[in-house]
Amino acid sequence: MKLLPDWITKGYLRLIDPVANWLVKRGVHPNTITVIGTFCTLVGGIIYATGHIRTGGWFLGLTALFDVLDGTVARRSNTSSTFGAFLDSTLDRLADGFVLGGLTVFYATSRLHGSVPMLIVALMGLVGAFLTSYTRARAEALGLDAKIGFLQRPERVVLLSAPQAFFGLVFNGWVLALITIILTVTAWITVVQRVAFVYTATTRAEEAEARAESEARPRFWARNRTARPLLKGE
């Protein structure tokens with residue numbers, strides 16, 4: 001199950017097509033786009049930390065296109081590389097950390113909206129966001145595609161920007177609190193889903209390997225025994 005329907009994702013990709021084509025024609029390297037996008041996200045996290053939630057939401061929403069453009073430009077310009085994928089994945093973790101860290105700082109320092117329970121929720125969301133990425137990376141290292149779960153990166157980016165852009169701290173900050181809770185809960189659900197997926201896949205593979213070894217092992221007890229000749233007098 002996904003939070004974002006496929007038609008929204010496909011529609012967004014069609015909207016950024018002209019931008020991607022323009023960048024390809026100008027010869028902009030996808031790693032440059034990745035770095036610029038990460039810098040913008042870091043700024044957005046700092047804006048959240050200072051308590052300007054609506055401003056931060058709009059800023060992150062408008063600059064979120066960098067998160068998609070780098071991969072699109074890399075494919076269209078045939079400049080995809082192993083290091084580029086590594087850099088993108090690494091900087092994504094940095095970006096997530098800054099945004100959720102900004103919300104954590106906000107709940108820790110805000111005089112009006114400061115809350116110890118929400119501080120804990122934001123911290124748990126931060127840990128959950130890193131674990132969703134880590135579990136997928138470890139699964140891929142085992143040869144498994146664990147791109148599953150309730151909350152993946154596109155959904156996380158939307159939840160970290162769009163609601164804040166439109167609602168900010170209205171209703172005494174309850175909209176922001178609700179979004180933070182949703183982010184945290186769905187992140188941990190995704191972690192559990194990926195752990196369960198890897199457990200099932202690896203267990204089945206080990207059982208299949210054990211059966212194959214058992215079938216290949218010679219069964220001495222099944223050998224045909226030559227009948228003993230009768231002795232004289234028997």
* In Å, rounded to the nearest 0.5 Å, how long is the span from CD of Gln164 to NE2 of His52? -> 15.5 Å

* Asked: Under 4.5 Å between any side-chain heavy atoms of Asn31 and Asp70, yes or no?
  -> no

* Verify side chain to side chain contact (heavy atoms under 4.5 Å, CB included) between Asn172 and His113, making sure each step is shown before the conclusion. => CA-CA 8 Å; Asn172 199 30; His113 301 282; 3.8 Å; yes

* To do: Enter the distance from Leu103:CG to Leu183:CG here, rounded to the nearest 0.5 Å.
  => 8.0 Å

* To do: Check step by step if side chain to side chain contact (heavy atoms under 4.5 Å, CB included) holds for Leu144 and Phe197.
  => CA-CA 9 Å; Leu144 301 171; Phe197 168 80; 4.3 Å; yes

* Asked: Is it true that Ile53 and Val121 fall in one hydrophobic cluster, defined by side-chain heavy atoms closer than 4.5 Å?
  -> yes

* **Criterion side chain to side chain contact (heavy atoms under 4.5 Å, CB included) on Thr63 and Val43, from CA distance to verdict** => CA-CA 10 Å; Thr63 57; Val43 173; over 6 Å; no

* Asked: Quick check: does any side chain N or O of Tyr48 sit under 3.5 Å from a backbone N or O of Leu160, one acting as donor and the other as acceptor?
  -> yes

* Any chance you could measure Thr104, atom OG1, to Leu123, atom CG, to the nearest 0.5 Å? => 4.5 Å

* For Thr109 and Ala49, work out which heavy atoms get closest and say how close. => OG1-O, 4.2 Å

* Asked: Between NE2 of His29 and OG1 of Thr79, what distance do you get to the nearest 0.5 Å?
  -> 5.0 Å

* Asked: Which pairs, with at least one residue in residues 161-188 and sequence neighbours excluded, count as a ring pair (Phe, Tyr, Trp, His ring centres under 6.0 Å)?
  -> Trp58-Phe166

* Asked: Are Val157 and Phe66 grouped together when hydrophobic residues (ILVMFWY) are joined by side-chain heavy atoms under 4.5 angstrom apart?
  -> no

* For Arg194 against Ala146, the heavy-atom pair lying closest together -> NE-O, 3.1 Å

Only pairs under 3.5 Å count here: list side-chain donor-acceptor contacts from residues 124-136, not counting sequence neighbours, and write none if there are none.
| residue | atom | partner | partner atom | Å |
| --- | --- | --- | --- | --- |
| Thr132 | OG1 | Ala129 | O | 2.6 |
| Ser133 | OG | Arg93 | NE | 2.9 |
| Ser133 | OG | Arg93 | NH2 | 3.1 |
| Thr135 | OG1 | Leu131 | O | 2.8 |
| Thr135 | OG1 | Thr132 | O | 3.1 |
| Arg136 | NE | Glu140 | OE2 | 3.2 |

* To do: Please name all residues satisfying side-chain contact (heavy atoms from CB on, under 4.5 Å) with Leu42, sequence neighbours left out, ordered by chain then number.
  => Thr38, Leu94, Phe98

* Asked: Say you draw a straight line from CE of Met118 to CG of Leu176; how long is it, rounded to the nearest 0.5 Å?
  -> 6.5 Å

* Asked: With distance as the sole test, does Thr203 use its side chain to make a donor-acceptor pair with the main-chain N or O of Thr200 at under 3.5 Å?
  -> no

* To do: Return the minimal non-hydrogen interatomic distance between Gly57 and Ala165, and the atom names on each side.
  => C-CB, 3.6 Å

* Flag if over 12 foreign heavy atoms under 6.0 Å of CZ, Arg204 -> no

* For the atom pair CG (Leu119) and OG (Ser110), what is the distance rounded to the nearest 0.5 Å? -> 12.0 Å

* ILVMFWY cluster, Phe86 and Leu91 together (side-chain gap under 4.5 Å) -> yes

* Asked: Is Ile179 linked to Leu100 within one hydrophobic cluster, defined over Ile, Leu, Val, Met, Phe, Trp and Tyr using a side-chain heavy-atom separation of less than 4.5 Å?
  -> yes

* **Minimum heavy-atom distance Val73-Ser77, with the two atoms named** => O-OG, 2.5 Å

* Asked: Checking side-chain contact (heavy atoms from CB on, under 4.5 Å) against Arg54, which of Val170, Leu169, Ile47 comes through?
  -> Val170

* ILVMFWY network linking Trp22 to Val19, side-chain heavy atoms under 4.5 angstrom -> yes

* Structure fact -> Here the pair of heavy atoms bringing Ala95 nearest to Thr41 is CB-CG2, 3.5 Å

